[in-house]
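To start, the structure itself, in structure tokens.
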Number of protein chains: 4
Amino acid sequence: MTARQARKERITQERREQILKAALSVFSTRGYGESTMADVAEAAGVGVGTIYNYYKDKRDLLISLVQNLLISENLVSILDKMTLYSSRDFMDLLIEERLRFGFDNAQTILFLMFEIQRDAKMRRKYVQNVVWPLLSRLENLIRSQVKSGVFRKVDEKIIARAMAGTIIGNALLFRLEQRESPLKKAHLKDIAHELSGLFIDGLAGK
Amino acid sequence: MTARQARKERITQERREQILKAALSVFSTRGYGESTMADVAEAAGVGVGTIYNYYKDKRDLLISLVQNLLISENLVSILDKMTLYSSRDFMDLLIEERLRFGFDNAQTILFLMFEIQRDAKMRRKYVQNVVWPLLSRLENLIRSQVKSGVFRKVDEKIIARAMAGTIIGNALLFRLEQRESPLKKAHLKDIAHELSGLFIDGLAGK
Amino acid sequence: MTARQARKERITQERREQILKAALSVFSTRGYGESTMADVAEAAGVGVGTIYNYYKDKRDLLISLVQNLLISENLVSILDKMTLYSSRDFMDLLIEERLRFGFDNAQTILFLMFEIQRDAKMRRKYVQNVVWPLLSRLENLIRSQVKSGVFRKVDEKIIARAMAGTIIGNALLFRLEQRESPLKKAHLKDIAHELSGLFIDGLAGK
Amino acid sequence: MTARQARKERITQERREQILKAALSVFSTRGYGESTMADVAEAAGVGVGTIYNYYKDKRDLLISLVQNLLISENLVSILDKMTLYSSRDFMDLLIEERLRFGFDNAQTILFLMFEIQRDAKMRRKYVQNVVWPLLSRLENLIRSQVKSGVFRKVDEKIIARAMAGTIIGNALLFRLEQRESPLKKAHLKDIAHELSGLFIDGLAGK
DNA sequence: TATGAATGAGGGTTCATTCAT
DNA sequence: AATGAATGAACCCTCATTCAT
């Protein structure tokens, strides 16, 4: 009986996610206001009415998207590793990984950022649940590097945001330029290295 | 006769801009798909029908927004000054100015980036008319600094995008965090200084 | 002074007619409901506002069209000649003339008939001012021919309507078939002769 | 399963017809351009949106009207009987039947003729699918009567159109005159007899 | 008097949501 | 639970009409 219920529960959860993923994909592509429930239904491979068995209405899809933080659930775990190592090599790897994620999801990031910042409630929730956990980990890392003398004395809040912002901004720029960009995804490693060089050594000659 | 026509022409231009500004404001706030022509009309202080005397349809408003490059027309002129001076003080000023612009217009930037990257034609036009002119100026500046030994040898294309991306990303992060951000617009000067320090000297201790 | 006024009056009349002719042409082509005042204005070669200096509104154009009986003003005069002659040759000529008129104006006739029969007031006015004068002349002619023994004893009301109806029906059929019709306008004379043969001798063999 | 689908199919067909009938009625009364989808919906007893589940747009309703030939589907079957009998009595009956149909549907005929002749594609389709089948049957009938000596030698194409045109024209005239017409529907039999007399014997005395 | 830009009521159409199956 | 036909509110857009020039 409990097993029965659990199974049902699980199926329900899967269906919810299936629909939510479809919604994220559709919304990111067409924009929330220009997406139709029929679009989402088709993308999810279900009937229109079915969506309403799992979500109250269209807006509920959007809100659930943010609350489920589909795209960032693995962000934190990655950043957690940062506290362990922090060699230049690892920095390269980390930047590369984040750049790749940004390049691949720029459209979704753009969509989510736009929708989130428009709605005060969603914004606050997102900032508290996603942005700050990430930034504070980054700040901690920087602070510890400063303390250990690896980094010079800097404002870790500003620098953390600068570094995160650089990744975000580059991803969006790349999304705008697309194929015409001189930066190719094939050379992500080189780009990441150049960036880590910028972060660590700056531009100053000698 | 010609004076008469010229006057009419001018009024028409003014009206077009008045409507376009309203559209940018409304679209940026609510998103294109969720904005109504009534919203735009009200914001522009004209009747709904009047808009259609100046723009074919709603989409034409969006396209015209991008083509008129309303928000970036003064970008280039500012960057042009960069070629003249390039002291650390000037870099501070430039970054501060760009950050302020980004902070003030993050919502609009977000909206435009999202809409532009969705449409292949608009994207290409925007990249060619706005993004590249800006980036190439920045690249030139970096290249000349490298040549004169002020900067060490770096890939100017990557670094130019990193710097521009940093500004964009910071503005968007700031828009997300808003009042809760530890970065206050009141201290833009300090932030800019910290950033220019990052760009020039990097993070490395001593 | 009176001459002055007369001139003005005449110009006004001309302008009214110019607009009315344009309206008839446009309405006949697109249908009343699908025609716009801009269409009419363009066809008349005047500004939109100008129309309103001569007609109260769009509907007024339609009503005036019917009241002016633009297309039938010369009908009566033609029929009047019928009382004078009535040879077989003249019947040929009359039918030919009416057929030609019908063929040329089928579109307009169709439009007017449709609009007129829809509106009780217009319908009554049209019937009294156009249809009956025409039909009664035709009836009189038939009656006199019966009296003089040229025609056998027939119900002149039915026959008058049959003859008028034949012309109308043929014109409309021709308009439907257009180029694909085996009846060519080039052979109107032959067609008219065949019809007069039908009317006078019927189809019965020998 | 197949039964299920068949049922659904049938209901869909019924709904399509229900809407189409309503559209024909509304359009015939108010004219296409002045009819609203709300009018049609109300006449059909469905919601406005429902119409769009069955027809692409308003124009599709009009086109479907013509293609479905709602009003003339039974025309051909009637004319087919003509080839069997052709006594004077039968001619009376046939004319009476056609006149009655014309009198009853004059408004619709007028509407359809006007709309059809306006659109080249619809016109050609209508001519080929409705007008010509009818006319050619009539022509055949006349030709055979000529051959058998019942009719004298006439051009069957012209006479066929004359006869059909007479019916159409009379119906439209009747619609115009309405109650004021001296021709009453109550005496259709007499009218038909007079017309058949005209067709067969003509007007000539003795 | 002639004009056409401004206007908003109204109409075609879409689409989120409901509900009977 | 899944579905999609039915619905009407809401939106884009047109166009008759007005009015300042």
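Protein chains get the first letters and strands the later ones, always in sequence-line order, with residue 1 at the start of each. The figures here come from the full heavy-atom set of this structure, side chains too, leaving out hydrogens, waters and symmetry mates.
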* Asked: Out of curiosity, B:Gln67 CD to B:Asn129 CG, how far, rounded to the nearest 0.5 Å?
  -> 8.5 Å
* Asked: If only side-chain N and O atoms of D:Arg15 are considered, is one of them under 4.0 Å from the OP1 or OP2 phosphate oxygen of F:dA6?
  -> yes
* Across all strands, who's sitting opposite F:dT14 as a Watson-Crick or G-U wobble pair, both distances under 3.5 Å? -> E:dA9
* Mind calculating the distance between CZ (A:Arg16) and P (F:dA1) to the nearest angstrom? => 14 Å
* Asked: What is the distance, rounded to the nearest whole Å, between atom CD of A:Glu42 and atom C1' of F:dA2?
  -> 17 Å
* Asked: If each of A:Tyr54 and D:Tyr54 is mapped to the nucleotide of DNA chain F with the nearest heavy atom, which maps nearer the 5' terminus, i.e. the 5' end?
  -> A:Tyr54
* Asked: Is any side-chain heavy atom of D:Val66 less than 4.5 Å from a side-chain heavy atom of D:Lys125?
  -> no
* Starting at atom CG of B:Leu61, determine the distance to atom C1' of F:dC13, rounded to an integer number of angstrom. => 13 Å
* **Distance-only polar pair, side chains of D:Gln13 and D:Arg10, donor-acceptor under 3.5 Å** => no
* Test item: B:Gln18 and B:Val46 side chains (from C-beta on) under 4.5 Å apart, heavy atoms -> yes
* To do: Can you label the angle between the D:Phe111 ring and the C:Phe114 ring as parallel, tilted or perpendicular, going by 30° and 60°?
  => tilted
* **Interatomic distance where CD1 belongs to D:Ile51 and C1' belongs to F:dA5 [whole Å]** => 14 Å
* Figure out the CD/P separation between D:Glu14 and F:dA6, and round it to whole Å. => 12 Å
* Asked: Partner of E:dA20 by Watson-Crick or G-U wobble geometry, both contacts under 3.5 Å, or none?
  -> F:dT3
* To do: For D:Ile11 and F:dG4, give me the distance from atom CD1 to atom P, rounded to whole Å.
  => 15 Å
* Asked: Which letter, B, S or -, goes with each nucleotide of nucleotides 12-21 of chain E from 5' to 3', with contact meaning a protein heavy atom under 4.0 Å?
  -> SBBSSBB---
* For residues C:Thr36 and C:Asp39, is any side-chain donor paired with an opposing acceptor at under 3.5 Å? -> yes
* If you measure from NZ on D:Lys58 to OH on D:Tyr52, what distance do you get to the nearest 0.5 Å? -> 8.5 Å
* **Separation of E:dT1 P from C:Ile19 CD1 (nearest whole Å)** => 13 Å
* Asked: NA contact type, D:Tyr55, heavy-atom cut-off 4.0 Å: base, sugar-phosphate, or nothing?
  -> nothing
